[in-house]
Amino acid sequence: MPRGKPYPMCRADKRTASRTHAGAFDPASDGRRRAAFQRRLIAWFRRHARSFPWRETRDPYAIWVSEVMLQQTQTAAVEPFFRRFLARFPDVATLAAAHPDEVLRHWEGLGYYRRARSLHAAARQIVALHGGRIPDDPETLQSLPGIGRYTAGAILSFAFDRPAPILEANSRRVLRRLLADPERPNDTTDSFLWQSAERLLPSRQAAVYNQALMELGGLVCLARHPRCRDCPVHDYCNTYRLGIQNEVAGISSTTRPTAVQELAIAIRQRRAVLLLRRAEGGRWAGMWDFPRLDITQEVARAGRRSNPTPPADRVEESVRRSLGLPIRLGPHFLRFRHAVTRFRITVDCFLAEVSSAETIPAGPKPTEPGWSEAAWLEPSSLEDIPLSSPGRRIAAALLTHWQTTPGETPERLVASPPRRTR
DNA sequence: ATCCGGACAT
DNA sequence: ATGTCCGGAT
């Protein structure tokens with residue numbers, strides 16, 4: 001990837017911006033004031049910008065990958081994934097040629113797996129339709145899966161330095177405060193903010209300017225306690241002037257979590273264990289996982305103080321019905337909790353053996369919705385497939401269990417109530 | 001435990 | 001307009 005200094009640190013802006021008169025900042029009406037705002041913001045950015053690997057490049061591919069990873073994901077979480085991903089898939093052609101599962105494997109643990117699938121699909125589309133070059137116009141970019149208006153603007157401005165506006169969580173917060181209508185400071189629409197972002201954008205230095213806007217939101221114009229005294233553009237801020245910056249906050253939708261009880265079963269046959277692939281559209285789409293049963297209803301019916309595990313024969317019957325597989329339930333070996341979107345899932349994990357004498361060759365066809373594929377895998381190959389985070393956790397516990405109890409045989413597998421693993 | 005964060009479908 | 005998808009940081 002091209003290296004170097006994409007945003008040369010020119011001398012700090014020594015000019016003192018003129019004191020601003022009172023009144024709402026309207027970027028459309030005052031070009032001089034807008035230019036001063038831009039200079040202040042950019043000068044601040046040159047002093048305070050954090051260093052990230054995706055800021056060390058202007059390679060549109062690397063910037064695209066980073067922006068997709070950064071969707072709904074914080075910078076600290078993204079960094080190691082970004083490095084690994086770029087090392088393995090250094091360019092569009094390499095990514096397009098890769099197996100989907102390997103792409104997913106490199107995304108494992110980052111979440112929102114549709115992003116990885118879209119990225120891969122888009123890479124193939126770029127090779128097939130655009131000669132392997134990342135498009136540099138907004139319409140074509142947004143025709144690619146996983147690229148919306150923000151990501152298109154980010155690629156256009158960061159990589160190509162085109163004057164394309166961006167609006168994401170950080171810059172949205174900045175502009176919401178900066179441009180708030182004093183009468184209705186919380187009624188600002190995204191449509192208005194997009195228009196404003198476009199009007200505020202300088203025709204040159206769009207890359208630095210856009211990143212400065214985001215960085216200000218990330219470091220100074222914080223949701224909870226905005227550090228307005230440190231803000232280089234507080235003179236231009238409609239809410240700072242009125243002291244109502246704390247009244248304009250991102251209203252977090254208070255969708256309270258739903259408790260879910262699940263059973264995960266590691267079903268063994270000879271040396272292999274049964275894995276299922278999660279279907280399109282749901283959680284962990286395209287990722288492999290251990291067979292899981294939602295037992296929330298049963299637990300609720302049985303009463304809250306009772307053992308959260310249904311009787312072994314009920315579980316065995318349920319697996320026979322959904323997977324067409326005769327099993328004998330073994331011991332409980334792991335309990336953990338996992339929070340995902342608005343669900344708080346408690347997972348109880350059990351060993352199990354296929355109870356039929358005959359070998360069931362190609363995995364059962366899962367008839368239950370939610371699963372698309374099944375496979376019997378040797379423990380060692382669990383490393384090679386993309387697993388959901390809970391799935392990876394179960395796999396790790398399973399490998400430990402098998403290593404510490406090497407002599408375990410089906411005869412010794414006896415169902416027992418879950419121990420409290422807290 | 002709560003907070004944080006774009007694309008897409010509906 | 002609203003809901004869905006994820007995991008790590010705090």
Side-chain angles (χ1 to χ4, degrees), chain A residues 50 52 63-82 104 106-122 125 138 141-156 158 164-174 176 186-194 197 210 213-215 217-219 221-226 249-260 278-289 336-347 370 386-393 422:
Chain A
R50 289 167 296 177
F52 295 116
I63 286 167
W64 171 38
V65 170
S66 76
E67 287 303 331
V68 173
M69 287 186 170
L70 287 162
Q71 288 167 8
Q72 301 302 106
T73 309
Q74 274 149 1
T75 53
V78 165
E79 274 202 60
F81 285 86
F82 177 77
L104 273 180
H106 280 73
W107 210 272
E108 183 190 302
L110 199 53
Y112 294 102
Y113 299 100
R114 188 172 61 169
R115 295 182 296 173
R117 297 143 62 78
S118 298
L119 187 76
H120 189 221
Q125 204 167 311
L141 279 170
Q142 286 181 70
S143 76
L144 296 167
I147 299 186
R149 193 171 175 186
Y150 164 72
T151 305
I155 294 169
L156 287 166
F158 304 168
I166 51 140
L167 189 68
E168 43 68 74
N170 288 311
S171 68
R172 176 181 287 112
R173 194 168 52 248
V174 172
R176 272 172 65 85
N186 272 301
D187 285 3
T188 322
T189 64
D190 268 6
S191 159
F192 172 78
L193 292 177
W194 272 110
N210 276 342
L213 202 61
M214 292 193 300
E215 196 76 337
L219 295 179
C221 196
L222 306 172
R224 289 274 181 313
H225 304 290
I251 304 109
S252 53
S253 53
T254 21
T255 39
R256 60 267 174 237
T258 306
V260 174
R278 289 181 166 267
E280 310 290 308
R283 289 197 293 265
W284 298 293
M287 307 296 278
W288 291 87
D289 210 336
F336 64 93
R337 279 172 251 282
H338 187 85
V340 54
T341 60
R342 58 191 185 84
F343 299 97
R344 302 254 301 127
I345 308 173
T346 304
V347 189
L387 282 173
S388 76
S389 283
R392 184 59 68 193
R393 195 158 169 180
R422 59 181 263 88

If you compare every side-chain N and O of [X] against the phosphate oxygens of [N] (OP1, OP2), does one of them come in below 4.0 Å?
X      : N     : answer
A:R115 : C:dC6 : no
A:S389 : C:dG7 : yes
A:R283 : C:dT4 : no
A:T151 : B:dA7 : yes
A:R224 : B:dC3 : yes
A:Y112 : C:dT4 : no

Go through [options] for me and flag the one nearest to the [X] side chain.
X      : options             : value
A:F343 : C:dC5, B:dG6, C:dG7 : C:dC5
A:A77  : C:dG8, C:dG7, B:dG6 : C:dG8
A:W284 : B:dG6, C:dG8, C:dC6 : C:dC6

Nearest-Å distance, [atom1] ([X]) to [atom2] ([N])?
X      : N     : atom1 : atom2 : answer
A:Y113 : B:dG5 : OH    : P     : 20 Å
A:L119 : B:dA7 : CG    : P     : 13 Å
A:M69  : B:dA7 : CE    : P     : 16 Å
A:R278 : C:dC5 : CZ    : P     : 10 Å
A:Y150 : B:dG5 : OH    : P     : 12 Å
A:I155 : B:dG6 : CD1   : P     : 14 Å
A:L70  : C:dG7 : CG    : P     : 17 Å
A:L387 : C:dC6 : CG    : P     : 14 Å

> Mind pulling the stems DNA chain B is in, i.e. runs of at least three Watson-Crick or G-U pairs, everything under 3.5 Å?
Replying inline: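 In DNA chain B, stems of three or more pairs: B:1-10 with C:1-10.
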
> Hey, does the Lys NZ or Arg CZ of A:R278 hover above the aromatic six-ring of A:W288, less than 6.0 Å from the centre and inside 45° of the axis?
Replying inline: no

> Within 45° of the six-membered ring axis of A:F343 and under 6.0 Å from that ring's centre, is NZ or CZ of A:R283 located there?
Replying inline: yes

>> Within the 4.0 Å heavy-atom criterion, would you say A:A169 contacts the bases, only the backbone, or no part of the nucleic acid?
In response: sugar-phosphate

> Minimum heavy-atom separation for A:M214 to A:E168, with atom names?
Replying inline: CG-OE2, 3.3 Å

Please tell me if the side chains of [X] and [Y] come closer than 4.5 Å, counting only heavy atoms from C-beta onward.
X      : Y      : value
A:D190 : A:R172 : yes
A:W284 : A:P390 : yes
A:I155 : A:I147 : yes
A:L213 : A:N170 : no

>> Go nucleotide by nucleotide along DNA chain B from the 5' end; which of A:P257 and A:Q72 gets its closest nucleotide reached first?
In response: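 Nearer the 5' end of the strand: A:P257.
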
> Side chain of A:N210, backbone of A:A164: donor and acceptor closer than 3.5 Å?
Replying inline: yes

> For A:Q71, does its backbone N or O pair with a side-chain atom of A:T73 as donor and acceptor, under 3.5 Å?
Replying inline: yes

>> Suppose we call a contact any N or O donor and acceptor under 3.5 Å apart; does that hold for the side chain of A:Q71 and the base of B:dG6?
In response: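 Under the 3.5 Å cut-off, the side chain and the base do not form any donor-acceptor pair.
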
Mind listing the N/O atom pairs, protein and nucleotides 8-10 of chain B, below 3.5 Å?
{"residue": "B:dC8", "atom": "OP1", "partner": "A:G146", "partner atom": "N", "Å": "2.4"}

> Do A:E67 and A:Y150 have side-chain N/O donor and acceptor atoms under 3.5 Å apart?
Replying inline: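 There is such a pair (donor and acceptor under 3.5 Å, judged by atom type) between the side chains of A:E67 and A:Y150.
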
